[in-house]
Protein chains: 2
Amino acid sequence: MDVSVDCVVFGFDDQKLKLLLIEQKQPGGGASIKLQKALPGDLLMDDESLDEAARRVLSELTSLEGIYLKQFHAFGDPNRVRGLKDQEWLRSFRNNPERRVLTVGYYSLVKMEDFNPKAASFAGKAQWIDVYKIPALAFDHNEIVDEALKMLRHELVADNIGFELLPEKFTLSQLQRLHEIILDKKLDKRNFRKNILKNDRVKALNEKQKGVLHKPAQLFKFDRVE
Amino acid sequence: MDVSVDCVVFGFDDQKLKLLLIEQKQPGGGASIKLQKALPGDLLMDDESLDEAARRVLSELTSLEGIYLKQFHAFGDPNRVRGLKDQEWLRSFRNNPERRVLTVGYYSLVKMEDFNPKAASFAGKAQWIDVYKIPALAFDHNEIVDEALKMLRHELVADNIGFELLPEKFTLSQLQRLHEIILDKKLDKRNFRKNILKNDRVKALNEKQKGVLHKPAQLFKFDRVE
DNA sequence: TTGTGTTAGTGTAAAAATTACACTAAGTTC
DNA sequence: GAACTTAGTGTAATTTTTACACTAACACAA
């Protein structure tokens with residue numbers, strides 16, 4: 001059996017929660033097939049752990065290091081790579097396209113400003129897609145995305161990991177908007193701020209927002225070291 | 001690469017939290033090797049999903065159906081089956097003992113009364129071991145157990161799954177003792193009861209404990225259907 | 001039958017956490 | 001300096017959580 005990892009990479013652009021998807025590679029030789037979008041992922045290499053593989057996939061795609069990355073579920077349906085389009089594609093790229101593939105899902109939080117797919121070397125291969133407008137993906141990737149979303153929503157409130165999706169310096173309004181969009185519900189401004197600020201690792205900076213046409217907001221950072 | 005599932009099966013005997021471990025099979029042919037205890041598990045069969053495999057392992061071992069069972073983590077260290085004793089054992093039982101094995105961990109909650117290892121057909125192969133006295137296990141099974149325990153502790157408070165480890169009819173004192181032992185801390189009786197009883201699915205029965213030499217306790221059941 | 005041992009079962013007041021809610025402040029642009 | 005826009009702040013009411021001690025019901029022994 002083959003084993004792969006797939007990464008569900010979340011990003012946030014101040015308006016929408018997005019997902020990093022890749023366009024499947026077109027096989028060489030003219031015979032064009034129906035391409036689908038897919039999660040970035042790869043087969044495990046011989047001497048690589050699951051975490052290493054996931055980190056490799058991420059860094060090959062984005063050149064980013066030190067990104068938030070967490071295993072969340074293994075997907076092992078024996079038919080998960082047996083879809084028609086999936087088989088067509090696999091026949092072009094795998095020695096054993098029929099072979100069963102188990103995949104381990106990772107979800108990852110990226111500061112979107114840190115990665116511009118257009119600028120990356122394999123230009124255009126990857127793109128940020130609105131999480132609420134995901135098309136039909138290859139394999140069982142839609143299911144994997146759904147699970148990752150559940151996980152994200154859960155960890156967002158349980159562990160306050162929202163800042164992983166924001167720039168180093170952020171305002172509390174940004175963070176609140178992020179929560180509201182991910183959880184799809186309005187939050188009370190004052191209560192939200194109280195809640196965030198009781199976390200000691202959220203530090204106010206001596207710096208304000210600039211170039212906005214209203215009262216500039218205080219900037220904060222999240223202190224990783226305790 | 002091979003893929004297996006391993007089941008961390010918890011049980012509770014009113015005093016201790018226990019784990020179902022099996023003694024590794026002795027290879028035939030006299031050449032006795034050092035045997036270790038291990039988690040029940042098996043390689044995936046060709047057309048079997050992960051969940052199905054885990055359920056099969058469990059039902060082959062205990063003949064029980066409808067047991068609480070949940071995937072919790074995949075373990076993929078490339079060297080996780082390369083220990084000396086592990087290799088020795090694998091050489092006796094596997095065609096490709098060197099082959100890398102990824103395993104997916106499941107944790108499972110069993111009513112201990114439902115399964116007596118002594119009585120099962122492969123008598124003596126399995127046994128209940130105190131979770132706080134686990135010996136060195138085969139492969140990375142100690143690590144798997146540790147992760148499962150974390151998961152159990154978390155779900156016990158988050159989802160109140162304690163009754164899965166108790167008989168159909170149980171008393172609140174039993175349930176409290178269970179919580180205290182798993183979480184390793186004393187709980188306040190009154191607050192504990194309030195907390196449990198605000199869950200509508202915990203139903204008082206018209207029945208009391210019998211044969212105890214003190215005030216008999218009210219029995220409760222957990223209503224699975226909503 | 002009475003007393004003893006043992007666990008079951010119950011309520012309340014104090015403290016802490018969560019919720020709901022509305023106005024002033026600080027910038028920008030015209 | 002007026003208009004616009006978002007930032008930022010406190011308090012009272014409600015809910016949730018905590019701490020805590022005595023009576024009730026049974027078995028057994030005397």
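So that the names make sense, note that chain A is the first sequence line, chain B the second, and so on, each numbered from 1. Every heavy atom of this structure was used, including side-chain atoms; hydrogens, water molecules and symmetry mates were not.
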Query - Pair Lys185(B) + Glu180(B), salt bridge at N-O below 4.0 Å - result: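 Salt bridge between Lys185(B) and Glu180(B), a charged N being under 4.0 Å from a carboxylate O: no.
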Query raised in the report: With a 4.0 Å cut-off, would you call Asp130(B) and Lys18(B) a salt bridge?
Result: no
Starting at [atom1] of [X] and ending at [atom2] of [N], how long is that distance when rounded to a whole Å?
X	N	atom1	atom2	value
Lys208(B)	dA27(D)	NZ	P	11 Å
Asn199(B)	dT16(D)	CG	C1'	17 Å
Leu213(A)	dA7(D)	CG	P	11 Å
Leu172(A)	dA7(D)	CG	P	9 Å
Gln174(A)	dT6(D)	CD	C1'	13 Å
Lys215(A)	dA7(D)	NZ	P	9 Å
Leu187(B)	dA19(D)	CG	C1'	14 Å

Report task. Check side chain to side chain contact (heavy atoms under 4.5 Å, CB included) between Phe163(B) and all other residues, then give those that pass, not counting sequence neighbours. Result -> Phe170(B), Phe222(B), Arg224(B)
Quick one: label [X] by what it contacts on the DNA or RNA (base, sugar-phosphate, nothing), any heavy atom closer than 4.0 Å.
X	answer
Lys189(A)	base
Lys198(A)	sugar-phosphate
Gln209(B)	nothing
Lys194(A)	base

Query raised in the report: Among the nucleotides dA7(D), dT17(D), dC26(D), which one has an atom lying closest to any side-chain atom of His214(A)?
Result: dA7(D)
Query - From Lys70(B) atom NZ to Leu109(B) atom CG, the distance as rounded to the nearest 0.5 Å - result: 9.5 Å
Query raised in the report: Rounded to the nearest 0.5 Å, how far apart are CG of Asn195(A) and NE2 of His179(A)?
Result: 8.0 Å
Examine the side chains of [X] and [Y] and answer whether a donor and an acceptor come within less than 3.5 Å of each other.
X	Y	result
Asn160(B)	Glu155(B)	no
Tyr132(A)	Asp184(A)	no
Ser49(A)	Asp77(B)	no

Requested in this report: Without swapping roles, check the side chain of Arg177(B) against the backbone of Asp14(B) for a donor-acceptor pair under 3.5 Å.
Outcome: yes
Report summary line: Outermost contacting nts on DNA chain C, any atom under 4.0 Å from chain B heavy atoms, listed 5' then 3', are dG5(C) to dT12(C)
Query raised in the report: In dot-bracket notation, what is the pairing pattern of DNA chain C, taking Watson-Crick (N1-N3 plus N6-O4 or O6-N4) and G-U wobble (N1-O2 and O6-N3) contacts under 3.5 Å, with [ ] crossing and | for other strands?
Result: ||||||||||||||||||||||||||||||
Query raised in the report: With nearest nucleotides of DNA chain C determined for Asn195(A) and Leu219(B) from heavy-atom distances, which residue corresponds to the more 5′ nucleotide?
Result: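 Here Leu219(B) is the residue nearer the 5' end.
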Requested in this report: Nearest-nucleotide wise, let me know which of Arg190(B) and Arg177(A) is further upstream toward the 5' end of DNA chain D.
Outcome: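 Of the two residues, Arg177(A) wins.
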Report task. Report the relative orientation of the aromatic rings in His141(A) and Phe139(A); use parallel for angles under 30°, tilted for 30 to 60°, perpendicular for over 60°. Result -> tilted
**Report entry** Any Ser173(A) side-chain nitrogen or oxygen under 4.0 Å from OP1 or OP2 of dT6(D)
**Finding:** no
